[in-house]
Amino acid sequence: GQCSAHCPVGAIYEKSEWEKAVAAINNPDVHTVVQIAPAVRVAIGEAFGLESGSLMTGQLYTALRRLGFDKIFDTNFAADLTIMEEGTEFIKRFTEEQESLPLITSCCPAWVDYMEKYSNDMIPHFSTCKSPQQMEGAMIKSYYAEKHNIDPKDIYVVSIMPCTAKKAEAQNCDDMFSTGCKDVDVVLTTREIARLIKMSGIDLPNLPESDVDSLLGTYSGAGTIFGVTGGVMEAALRTAVSKITGETLPKVEFEGPRGMEGVKEAELDVAGQKVRIAVAHGMANIETVLNTVRAAKAEGKELPYHFIEVMACRGGCIGGGGQPHGADDETRAKRTAGIYQDDEKSVVRCSHENPDILTAYKEYLGEPSSHKAHELLHRSYRNRPVYNK
Ligand code: SF4
């Protein structure tokens, strides 16, 4: 299917894949499960005339239920899961494998693609964690499928993402087929789901709110801030600092990773050890940070950073390529405020305190970085150089 985009003469069309999701919903033999990414909930309202940053989580769950999905889950749950895995990975590298530092986050597929092609000297520094989208898909087709006695081949997973690169990520390599079939079957952008909701005659802003379904839906405030630049770092710090010090954090907010500065740096004192972090958004800023690391390594100097968060889009996923068109910095600021509001109103603010995450480890995964966690939630990278013809 195709929908007209913004070309005045209709010569350019934006390809749309919502028909695949509708076909799955209409097939009685298929169990359809949907997940929504953090940044979608603060931007989709714009497509219905609402102010940027309006938090639409509960209305969106209702709309997806009315569209006919069998289960409504949330990518924010898997963001919490990512923190459990990546936090553990960081602590291990920091304490036992300093040569593999800095650890670089891996949840932005546009950046992963760029890295595999143009910056593959950084492969050893990449977190082996899959992105939340892929973790959620893998958990749906394993843990959820087994618990409900459904063949993963009969499950169709639809992700609603702020991001066009997520479409390519879902088939990036064999690791994205962890149960023998695709972890995520189709990816729809915020724009595509907004069109589908409108075409179905659903008035999103005036819907009653409803709850997410259990098992893979409940999320902490740390899970939701994945949608903004600095959010993955802050979420990781909430868990890693608490694990290293063995104490509950008196204050969960970390200001260092926040804000629209292209490169943000901070040094933290964690149990008497210095942890240096950097957060970069926008491709040029990412290269700047990596060049600082390369220079320090070449000169045999102390590492400038231990942990780096990278996001290809300005502002992070709230400014993603699949969001409603026309975002400027004012729009980005409002969407960002919506995300922090979602965090602040969460009762649980740290990933390792999300009760459903703890249950998933207890019942299924064992512990972070277990054999099973590696099979389902981690990935490898390839050197894919681009040759000039
Ligand atoms: Fe996608 Fe942009 Fe988010 Fe990267 S930063 S995951 S490209 S929306």
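Excluded from the calculations below are hydrogen atoms, water molecules and symmetry mates; all remaining heavy atoms, backbone and side chain alike, are included.
Looking at Lys372 and Ser142, their side chains never bring a donor and an acceptor atom within 3.5 Å of each other. No donor-acceptor contact under 3.5 angstrom links the side chains of Glu309 and Thr105, judged on distance only. In the model, Asp74 has a side-chain atom that pairs as donor or acceptor with a side-chain atom of Tyr61 under 3.5 Å. Under the 3.5 Å distance criterion, with hydrogens and angles disregarded, no donor-acceptor pair is assigned to the side chains of Ser200 and Arg66. Under the 3.5 Å distance criterion, with hydrogens and angles disregarded, no donor-acceptor pair is assigned to the side chains of Glu136 and Ser159. Remark: the Asp343 side chain and the Ser346 side chain contain no N/O donor-acceptor pair separated by less than 3.5 Å. Looking only at atom types and distance, the side chain of Thr75 has a donor-acceptor partner in the side chain of Gln35 under 3.5 Å away. Checking Ser220 against Asn354 by side-chain atom types alone, no donor-acceptor pair falls below 3.5 Å. Under the 3.5 Å distance criterion, with hydrogens and angles disregarded, a donor-acceptor pair is assigned to the side chains of Thr189 and Glu192. For the 3.5 Å distance criterion, the side chains of His374 and Ser369 qualify, holding a donor opposite an acceptor. Side-chain N/O atoms of Tyr144 and Asp213 include no donor and acceptor closer than 3.5 Å. Between the side chains of Ser119 and Arg294, a donor-acceptor pair is found at a separation under 3.5 Å.
Of the possible polar contacts, one joining the Asp183 side chain to the Ser178 backbone as a donor-acceptor pair under 3.5 Å is found. Judged purely by atom type and a 3.5 angstrom limit, His125 uses its side chain to pair as donor or acceptor with the backbone of Ser100. Side-chain N or O atoms of Ser106 include none that pairs as donor or acceptor with a backbone N or O of Phe126 at under 3.5 Å. Looking only at distances, no side-chain donor or acceptor of Lys264 sits under 3.5 Å from a matching main-chain atom of Glu255. Between the side chain of Lys198 and the backbone N or O of Ala47 there is at least one donor-acceptor pair closer than 3.5 Å. No donor-acceptor distance shorter than 3.5 angstrom exists from the side chain of Arg238 to the backbone of Cys350, with no hydrogens or angles considered.
Counting only heavy atoms from C-beta outward, the side chains of Thr288 and Asn291 never approach each other to under 4.5 Å. In this structure, Trp111 and Ile104 have side chains that are in contact, with non-hydrogen atoms separated by less than 4.5 Å. Ile318 places none of its side-chain heavy atoms less than 4.5 Å from the side chain of Pro162. Between Arg41 and Thr224, some side-chain heavy-atom pair lies under the 4.5 Å cut-off. Looking at heavy atoms from C-beta onward, Tyr114 lies out of side-chain contact with Ile286 at the 4.5 angstrom threshold. Between Val112 and Glu169, every side-chain heavy-atom pair lies at or beyond the 4.5 Å cut-off. In this structure, Ile25 and Val158 have side chains that are not in contact, with every pair of non-hydrogen atoms separated by 4.5 Å or more.
The environment of CD in Glu261 is sparse: at most 12 heavy-atom neighbours from other residues, nucleotides or ligands sit within 6.0 Å. Environment of NZ in Lys251: crowded, with over 12 heavy atoms of neighbouring residues, nucleotides or ligands closer than 6.0 Å. In this structure, Asp121 places its CG atom where more than 12 heavy-atom neighbours from other residues, nucleotides or ligands lie under 6.0 Å away. Summarising the local packing, CD of Glu330 is surrounded by 12 or fewer heavy atoms from other residues, nucleotides or ligands at distances under 6.0 Å. For Asp174, the CG atom sits in a loose shell: 12 or fewer heavy atoms of surrounding residues, nucleotides or ligands are nearer than 6.0 Å.
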Problem set entry | Arg335/Glu46 under salt bridge (charged side-chain N to carboxylate O under 4.0 Å, His left out): CA gap, chis, key distance, verdict | CA-CA 10 Å; Arg335 291 177 185 168; Glu46 293 163 30; 2.8 Å; yes
Problem set entry | Test log, rule side chain to side chain contact (heavy atoms under 4.5 Å, CB included), inputs Val232 and Met311 | CA-CA 10 Å; Val232 179; Met311 292 288 162; 3.6 Å; yes
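Look at Glu253 and Arg349 and you find a salt bridge, because one of the NZ, NE, NH1 or NH2 atoms lies within 4.0 Å of a carboxylate O, short of that distance. Here Glu302 pairs with Arg276 in a salt bridge; the nearest charged N to carboxylate O distance falls below 4.0 Å. Look at Glu97 and Lys92 and you find a salt bridge, because one of the NZ, NE, NH1 or NH2 atoms lies within 4.0 Å of a carboxylate O, short of that distance. A salt bridge links Arg314 to Asp329: at least one charged side-chain nitrogen sits closer than 4.0 Å to a carboxylate oxygen.
To the nearest 0.5 Å, atom CG of residue Leu358 and atom NE2 of residue His352 are 9.0 Å apart.
Considering Phe254, Phe90, Phe94 as possible partners of Phe307, the one that fulfils the ring-ring contact (aromatic ring centres under 6.0 Å, His included) test is Phe90.
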